[in-house]
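Notes follow the structure.
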Amino acid sequence: MITKCLFPAAGYGTRFLPATKAMPKEMLPVMTKPLIQYGVEEAVEAGIDVMAVITGRGKRAIEDHFDISYELEHQIKGTSKEHLLDEIRELIGKCTFTYTRQIEMKGLGDAIHKGRVLIGSEPFAVVLADDLCHNPDGDGVLKQMAKVYEKYRCSIVAVQEVPMEETSKYGVIAGKTIDDDLFMVDTMIEKPDPAEAPSNLAIIGRYILTPDIFELIERTEPGKGGEIQITDALMAQAKKGMVMAYKFKGRRFDCGSIDGFVEATNYFYTLGQTAP
Ligand code: G1P
């Protein structure tokens with residue numbers, strides 16, 4: 001069973017400046033919920049109850065969001081607006097939040113390594129809240145991946161097909177086809193140019209990692225952009241056949257970009273209009 005989920009949330013969100021000058025990008029709302037809340041809900045649905053957040057300077061709003069706001073609760077108690085807090089209250093009641101700070105930005109691999117103190121030595125999930133996922137027809141993406149983990153007991157990355165000209169935005173994998181939606185990874189490259197990309201299967205921000213990843217990250221040299229890349233650390237596991245890539249069911253919105261963010265907003269707005 002996977003019981004812990006890591007949320008790397010120390011990044012600056014420069015693409016959304018000035019909105020993210022004083023507010024964490026993970027708190028940008030799609031409709032009425034901040035991005036990170038969608039991620040936490042997805043983790044809870046997958047049976048996870050410990051949310052381990054890697055924060056940084058200027059990210060305190062995340063901690064406050066997953067806490068009681070006494071003044072506000074007192075103000076709206078007994079009014080017609082009280083129900084607006086029901087959902088978040090219920091969510092907070094279902095999980096524990098732990099936090100540590102990444103002091104310097106040294107890449108996603110480094111951010112995940114900072115989470116070692118919160119995770120310990122068990123397999124864990126990773127959610128990049130920028131990637132907002134939704135499956136209207138069944139299990140959420142993390143729950144789908146947890147099921148794959150139960151069967152294979154190795155690291156799992158979520159992948160989706162992207163246009164070849166976009167490979168330089170993602171970690172890209174190639175591997176042996178196990179099933180329609182499952183591959184045993186043998187190659188993974190961080191943000192390759194289309195000419196060097198081994199396929200068009202791009203990693204999106206959902207991972208299940210086995211805890212040996214922490215030591216592999218320690219041995220990983222800075223890669224693309226001079227940063228410690230999780231993709232490079234995972235390659236050491238992939239060489240032993242211990243990484244599966246899972247083509248998930250559902251939609252994924254790149255809410256780290258303006259286009260993806262607007263698309264997600266329109267999608268959830270329309271969904272709200274058509275819900276029973
Ligand atoms: C990170 C990873 C990349 C992955 C992407 C998914 O990149 O390094 O391998 O494909 O997340 O969103 P970032 O978007 O942080 O640059």
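Panel note: side chain Thr79, backbone Lys81; a donor-acceptor pair is recorded below 3.5 Å. Judged purely by atom type and a 3.5 angstrom limit, Asn135 uses its side chain to pair as donor or acceptor with the backbone of Asp137. Side-chain atoms of Asn200 come within 3.5 Å of backbone atoms of Val162 as a donor-acceptor pair (strictly under, hydrogens ignored). A distance-only check finds no donor-acceptor pair linking the side chain of Gln229 to the backbone of Leu108 [under 3.5 Å].
The pair Lys239-Asp186 does not meet the salt-bridge criterion, since no charged nitrogen lies less than 4.0 angstrom from a carboxylate oxygen. A salt bridge is absent between Lys247 and Asp180: the closest approach of a Lys/Arg side-chain nitrogen to an acidic carboxylate oxygen does not fall below 4.0 angstrom.
If you check the side chains of Tyr99 and Glu63, you find no donor sitting under 3.5 Å from an acceptor. At a cut-off of 3.5 Å, with distance as the only test, a side-chain donor of Gln37 or Glu41 sits close to an acceptor on the other residue.
One finds the CD1 atom of Ile189 at 11.0 Å from the CD1 atom of Ile173 (value rounded to the nearest 0.5 Å). In this structure, CG on Leu6 lies 5.0 Å from CD1 on Ile119, to the nearest 0.5 angstrom. Rounding to the nearest 0.5 Å gives a distance of 11.0 Å between CD of Glu227 and CG of Asp232. From Met242, atom CE reaches atom CG of Leu234 across 12.0 Å, with rounding to the nearest 0.5 Å. To the nearest 0.5 Å, atoms NZ (Lys169) and CD (Glu166) are separated by 4.0 Å. Taking SG of Cys255 as the start and CD of Glu263 as the end, the distance is 8.5 Å to the nearest 0.5 Å.
Within a 6.0 Å radius of CZ in Arg60, no more than 12 heavy atoms belonging to other residues, nucleotides or ligands are found. No more than 12 heavy atoms of other residues, nucleotides or ligands shown are found within 6.0 angstrom of CD on Glu221.
Looking at Lys94 and Asp49, their side chains never come closer than 4.5 Å, going by heavy atoms from C-beta outward. Counting only heavy atoms from C-beta outward, the side chains of Phe183 and Met244 never approach each other to under 4.5 Å. Looking at heavy atoms from C-beta onward, Arg89 lies in side-chain contact with Glu82 at the 4.5 angstrom threshold. Within the 4.5 Å cutoff, the side chain of Arg252 has heavy atoms near those of the Gln160 side chain. Counting heavy atoms from C-beta outward, Val172 and Ser199 have side chains that approach closer than 4.5 Å. Contact annotation: the side chain of Leu85 approaches that of Ile76 to within less than 4.5 Å [non-hydrogen atoms, C-beta and beyond]. Looking at Gln144 and Val148, their side chains never come closer than 4.5 Å, going by heavy atoms from C-beta outward. In this structure, the side chains of Ile156 and Tyr207 stay at 4.5 Å or more apart for every pair of heavy atoms.
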task: Under the side chain to side chain contact (heavy atoms under 4.5 Å, CB included) rule, what do Cys95 and Val44 come out as? Steps first, then yes or no, please.
output: CA-CA 8 Å; Cys95 33; Val44 166; 4.0 Å; yes
- prompt: How far apart are the C-alpha atoms of Ile258 and Phe261, what are their side-chain angles, what is the distance that settles it, and do they pass the side chain to side chain contact (heavy atoms under 4.5 Å, CB included) test?
  reply: CA-CA 5 Å; Ile258 308 278; Phe261 190 86; 5.6 Å; no
- request: Please step through salt bridge (charged side-chain N to carboxylate O under 4.0 Å, His left out) for the pair Glu42 and Lys143, ending with a clear verdict.
  value: CA-CA 8 Å; Glu42 190 184 321; Lys143 189 168 179 184; over 6 Å; no
message: Under the criterion side chain to side chain contact (heavy atoms under 4.5 Å, CB included), I'd like the reasoning laid out for Asp181 against Phe248: C-alpha separation, chi angles, the key distance, then a yes or no.
response: CA-CA 7 Å; Asp181 53 8; Phe248 61 94; over 6 Å; no
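For the residue pair Met1 and Gly47, the shortest heavy atom distance occurs at CE-O, 3.9 Å. When all heavy atoms of Arg15 and Ser257 are compared, the pair lying nearest together is NH1-CB, 4.0 Å. Minimum interatomic distance between Asp110 and Glu104 (heavy atoms only, all atoms of both residues): OD2-O, 3.9 Å. Between Thr167 and Pro192 the shortest heavy-atom distance is OG1-O, 2.9 Å. The shortest non-hydrogen separation linking Val243 to Ala238 is CG2-N, 3.5 Å. Nearest heavy atoms, Met164 versus Ala197: CE-CB, 3.7 Å.
Residue pairs meeting the ring pair (Phe, Tyr, Trp, His ring centres under 6.0 Å) criterion with at least one partner in residues 60-80, sequence neighbours excluded, are Phe66-Phe97.
Taking a 4.5 Å side-chain heavy-atom cut-off between Ile, Leu, Val, Met, Phe, Trp and Tyr, the cluster of Met105 extends to Tyr12. Val50 forms part of no hydrophobic cluster, judged by ILVMFWY side-chain heavy-atom separations under 4.5 Å.
Residues Phe16 and Met23 share a hydrophobic cluster, clusters being chains of Ile/Leu/Val/Met/Phe/Trp/Tyr side chains in contact below 4.5 Å. Follow the hydrophobic side-chain contacts under 4.5 Å out from Phe7 and you reach Leu91 in the same cluster. When hydrophobic clusters are built by joining Ile, Leu, Val, Met, Phe, Trp and Tyr residues whose side-chain heavy atoms come closer than 4.5 Å, directly or via intermediates, Leu142 is grouped together with Ile36. Linking Ile, Leu, Val, Met, Phe, Trp and Tyr residues whenever their side-chain heavy atoms come within less than 4.5 Å places Met27 and Leu132 in a single cluster. Taking hydrophobic clusters as Ile, Leu, Val, Met, Phe, Trp and Tyr residues chained together by side-chain heavy-atom distances below 4.5 Å, Leu209 does not share a cluster with Tyr149.
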Side-chain polar contacts of residues 211-219 - donor-acceptor pairs under 3.5 angstrom, sequence neighbours left out - could you list them?
unit_1	atom_1	unit_2	atom_2	d
Asp212	OD1	Thr210	OG1	2.6
Asp212	OD1	Gln237	NE2	3.2
Asp212	OD2	Gln237	NE2	3.1
Glu215	OE2	Arg116	NH2	3.2
Glu218	OE2	His113	NE2	2.8
Glu218	OE2	Arg116	NH1	2.8

Identify all side-chain donor-acceptor contacts of residues 51-59 below 3.5 Å with residues at least two apart in sequence or on another chain.
unit_1	atom_1	unit_2	atom_2	d
Arg57	NH1	Ile103	O	3.4
Arg57	NH2	Ile103	O	3.4
Lys59	NZ	Ala9	O	3.1
Lys59	NZ	Gly11	O	2.7
Lys59	NZ	Glu26	OE1	2.8

Going by atom type alone, with no hydrogens or angles, which donor-acceptor pairs under 3.5 Å involve a side-chain atom of residues 121-130 and a protein atom two or more places apart or on another chain?
unit_1	atom_1	unit_2	atom_2	d
Glu122	OE1	Thr3	OG1	3.0
Glu122	OE2	Lys4	NZ	3.3
Asp130	OD2	Lys25	NZ	3.0

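Between His134 and Tyr38, the ring centre distance reaches or exceeds 6.0 Å. A distance below 6.0 Å separates the ring centres of Tyr267 and Phe253.
With Ile203 as reference, Val159 is the one residue of Val159, Asp131, Val185 to meet the side chain to side chain contact (heavy atoms under 4.5 Å, CB included) rule.
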